[in-house]
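See structure below.
Computation of the quantities below employed the complete heavy-atom set of this structure, encompassing side-chain atoms and omitting hydrogens, waters and symmetry-equivalent molecules. To find a chain, count down the sequence lines: A is the first, B the second, and so on, and within it residues start at 1.
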Amino acid sequence: SVRPLISKISCLLIEMEVGVKYTGEKAGMKNVDRERINQIIYELSKDSEYFKLEQRKKEELDSKARSTQERIQELLKDPLKVQEASVQIAAKLQAYEDERTLEETWIHIDMDMFYAQVEIRDEPNLEEKPVAVGSGVVSTANYVARQYGIRSAMPCFIAKKLCEDLIILPGNRQKYCDEASAIREIFREYDPEFESAGLDEAYLCVTKVLEEREENNKEGRLKIAQEIRAKVYDATRLTCSAGIAPNKMLAKIGSEMNKPNGQFYIEFNREEIVDFLSNLSVRKVPFIGYTTEGLLKGIGVNTCRDILNKKLEIFLGFTERCFDFLVSSALGISSAEHPSEKEQKKMISLSKTFKTTKSTCFLENMLMSFSREIAEEMSETCCIAKTVGIIFKNFKFEQFSKELTLKHYINTKEEIFEEASKLLRSFYPLDPVRLVGLRVRNLLHGKEKDKDLNFYLSQQSSQSTCKKPGIKLFRQRCPVCNKEFTQSENWMNTHTQVCNTEVLPKKRKVQSNSIHKYLKR
DNA sequence: TACATACAC
DNA sequence: AATGGTGTATGTA
């Protein structure tokens with residue numbers, strides 16, 4: 001009969017319309033009725049501004065993919081270019097192999113459906129029911145809910161339509177933080193320098209422990225991952241999954257393979273690594289997202305094998321950085337080191353979505369309270385900022401931002417709000433907006449004992465004159481942070497001293513040449 | 001430096 | 001009726 005065929009085609013068409021946002025493969029999504037899911041998502045989405053923007057973006061991506069393909073085809077016609085590229089690629093491949101590490105053991109731990117699992121643990125009669133945690137959008141859903149096509153980042157109203165019985169819980173941040181502390185305590189035993197990725201993920205380098213145990217082999221590695229997972233379960237009654245591999249990227253890919261409550265071992269051997277990756281969709285490689293996947297599809301690259309087969313095309317059509325990342329990833333080469341220094345926060349931001357509004361008064365109030373909260377965090381973490389920026393999203397979901405770098409550092413709510421409201425006014429007259437955000441960048445971190453100084457610094461702008469008679473004032477700028485002083489000489493000296501010796505040397509000038517954390521620094 | 005985009009969780 | 005919030009890195013002008 002032609003019916004199934006027609007229905008397959010219409011499903012495909014809708015899939016193309018909806019995109020792969022919620023229909024891509026993910027743990028627990030093997031046997032879902034994709035046709036029905038796509039229909040529902042499409043019906044609920046098709047008239048929204050959000051969907052229209054997504055469509056426009058998709059068209060842009062398609063046209064970018066086409067032009068990339070054309071550019072590559074042109075370059076391929078030039079034998080000299082091809083020859084030159086081949087030589088460079090050969091040299092690069094050799095250089096990548098020199099970076100390959102097979103001596104370290106990395107374990108990536110990923111809690112299974114973290115928030116949902118915590119809620120179900122505390123309310124066991126939810127176990128068999130479809131459960132999602134989130135408000136507005138789904139943060140995480142259990143495997144029962146995933147059978148209905150419910151996934152993280154999906155708006156709750158769509159999730160509810162996909163499954164009328166879905167139980168949506170608002171979540172409890174503090175509880176998840178407490179659980180995170182508990183599991184991190186365990187991770188610390190195995191690697192005091194472990195790296196967290198959000199509340200529910202961590203990268204551990206367990207080479208040292210394995211050597212101490214004289215079990216630096218496959219059995220020892222499997223055992224240690226089992227052991228960590230068992231300890232996590234004992235401490236929290238929560239399951240997690242693990243990937244065991246010679247570097248961070250492979251460990252991360254591995255932890256997805258046997259979810260939930262499973263682990264996966266990647267052999268510490270070049271051929272087996274390349275073999276393992278060859279059939280894997282490029283999308284499984286961390287940091288290859290929707291856009292990069294789309295561009296690669298445009299040149300017929302779907303798997304890691306395709307990346308290696310089409311490295312000439314990728315070399316010609318993508319930036320060098322991108323080529324390095326794609327090809328070394330497809331070979332299973334990535335960083336097997338912790339970052340050399342614990343990174344300080346580079347930005348503090350707050351944003352909020354609300355019912356679309358034109359009220360500038362409302363927006364000003366939002367910015368005012370953001371300023372207060374940001375200033376609070378700045379004082380808690382002892383930092384000052386030089387750049388202030390605001391962000392908008394209009395009713396068409398388009399985003400705009402504007403920022404300003406000052407001549408000196410600031411850290412009070414008044415100063416932040418002053419700049420923020422100037423930026424806001426520069427947007428007048430304003431389109432109706434659905435989101436506003438505020439951020440500070442170019443942070444300078446101080447130490448605990450700088451708190452007073454920062455507080456003092458922040459008082460300056462609002463005290464341009466001293467009303468008390470008899471106090472000798474002077475006006476001068478700090479040569480380090482350019483802050484103007486209208487106080488006594490004593491203060492100025494104290495300030496300059498601290499600013500020089502404590503705050504400034506922390507500023508780093510290390511130029512990281514990596515596309516992200518999986519590339520060696 | 002300013003702004004936009006991609007990505008992760 | 002209805003599609004989040006916080007942070008990092010990078011491309012481009």
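Of the N and O atoms on the side chains of A:T405 and A:T387, at least one donor lies less than 3.5 Å from an acceptor on the other residue.
Closest-nucleotide positions on DNA chain B for A:G198 and A:L423 were compared, and the one nearer the 5' end corresponds to A:L423.
Side-chain N/O atoms of A:R321 include one lying less than 4.0 angstrom from OP1 or OP2 on C:dG11. Between A:K346 and C:dA9 there is a side-chain N or O to OP1 or OP2 distance below 4.0 Å.
Partners of A:I89 according to the side-chain contact (heavy atoms from CB on, under 4.5 Å) rule, which considers only residues two or more places apart in sequence or in another chain, are A:L93, A:K311, A:L312, A:F315, A:F323. Residues meeting the side-chain contact (heavy atoms from CB on, under 4.5 Å) test with A:D200, sequence neighbours left out: A:D110, A:M111, A:F114. In this structure A:R36 satisfies the side-chain hydrogen bond (donor to acceptor under 3.5 Å, both in side chains) test with no other residue, sequence neighbours excluded. Contacts of A:F400 classified as side-chain contact (heavy atoms from CB on, under 4.5 Å), with partners at least two apart in sequence or in another chain: A:N394, A:E398, A:F427. With sequence neighbours left out, A:S255 forms a side-chain hydrogen bond (donor to acceptor under 3.5 Å, both in side chains) with A:H108. Annotation: side-chain contact (heavy atoms from CB on, under 4.5 Å) contacts of A:K310 (sequence neighbours excluded): A:V301, A:E313. Among residues two or more places apart in sequence or in another chain, the side-chain hydrogen bond (donor to acceptor under 3.5 Å, both in side chains) test is passed with A:E60 by none. A:S241 meets the side-chain hydrogen bond (donor to acceptor under 3.5 Å, both in side chains) test with A:D112; sequence neighbours excluded.
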Criterion ring pair (Phe, Tyr, Trp, His ring centres under 6.0 Å) on A:F354 and A:F362, from CA distance to verdict: CA-CA 11 Å; A:F354 35 76; A:F362 172 81; 4.9 Å; yes
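One can place CG of A:L199 at 14 Å from C1' of C:dG7, the figure rounded to the nearest angstrom. Regarding A:E377, its CD atom lies at a distance of 11 Å from the C1' atom of C:dG7, rounded to whole Å. In this structure, A:M366 atom CE and C:dG4 atom P are separated by 14 Å, rounded to whole Å. Rounded to an integer number of Å, the gap from A:L162 CG to C:dA2 C1' is 14 Å. Rounded to a whole Å, the CG atom of A:L53 is 15 Å from the P atom of C:dA2. Between the C1' atom of C:dA9 and the CD1 atom of A:I288 lies a distance of 16 Å, rounded to the nearest Å. Between A:K345 atom NZ and C:dT6 atom P there is a gap of 10 Å when expressed in whole angstrom units. Residue A:M347 contributes atom CE, which lies 10 Å from atom C1' of C:dG5 at whole-angstrom precision.
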Show every donor-acceptor pair shorter than 3.5 Å between a side-chain atom in residues 154-170 of chain A and any protein atom, with sequence neighbours excluded, or say none if there are none.
from, atom 1, to, atom 2, distance (Å)
A:K160, NZ, A:L166, O, 2.8

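The shortest side-chain heavy-atom distance between A:Q399 and A:F392 does not fall under the 4.5 Å cut-off.
Among the heavy atoms of the strands lying under 4.0 Å from A:S48 is at least one base atom, whether or not backbone atoms are also near. Among the heavy atoms of the strands, none lies under 4.0 Å from A:G136. Using a 4.0 Å heavy-atom criterion, one finds that A:K64 contacts no nucleic acid atom at all. Using a 4.0 Å heavy-atom distance criterion, A:T292 is classed as a sugar-phosphate-only contact. As judged by a 4.0 angstrom heavy-atom cut-off over every strand, A:E49 is placed among residues making no nucleic acid contact.
Within a heavy-atom distance below 4.0 Å of DNA chain B, no residue of residues 349-358 of chain A is found. Of all the residues in residues 393-403 of chain A, A:K393, A:F397 reach under 4.0 Å from DNA chain C with at least one non-hydrogen atom.
Here the range on DNA chain B touched by chain A, meaning any atom under 4.0 Å from one of its heavy atoms, is B:dT1 to B:dC9.
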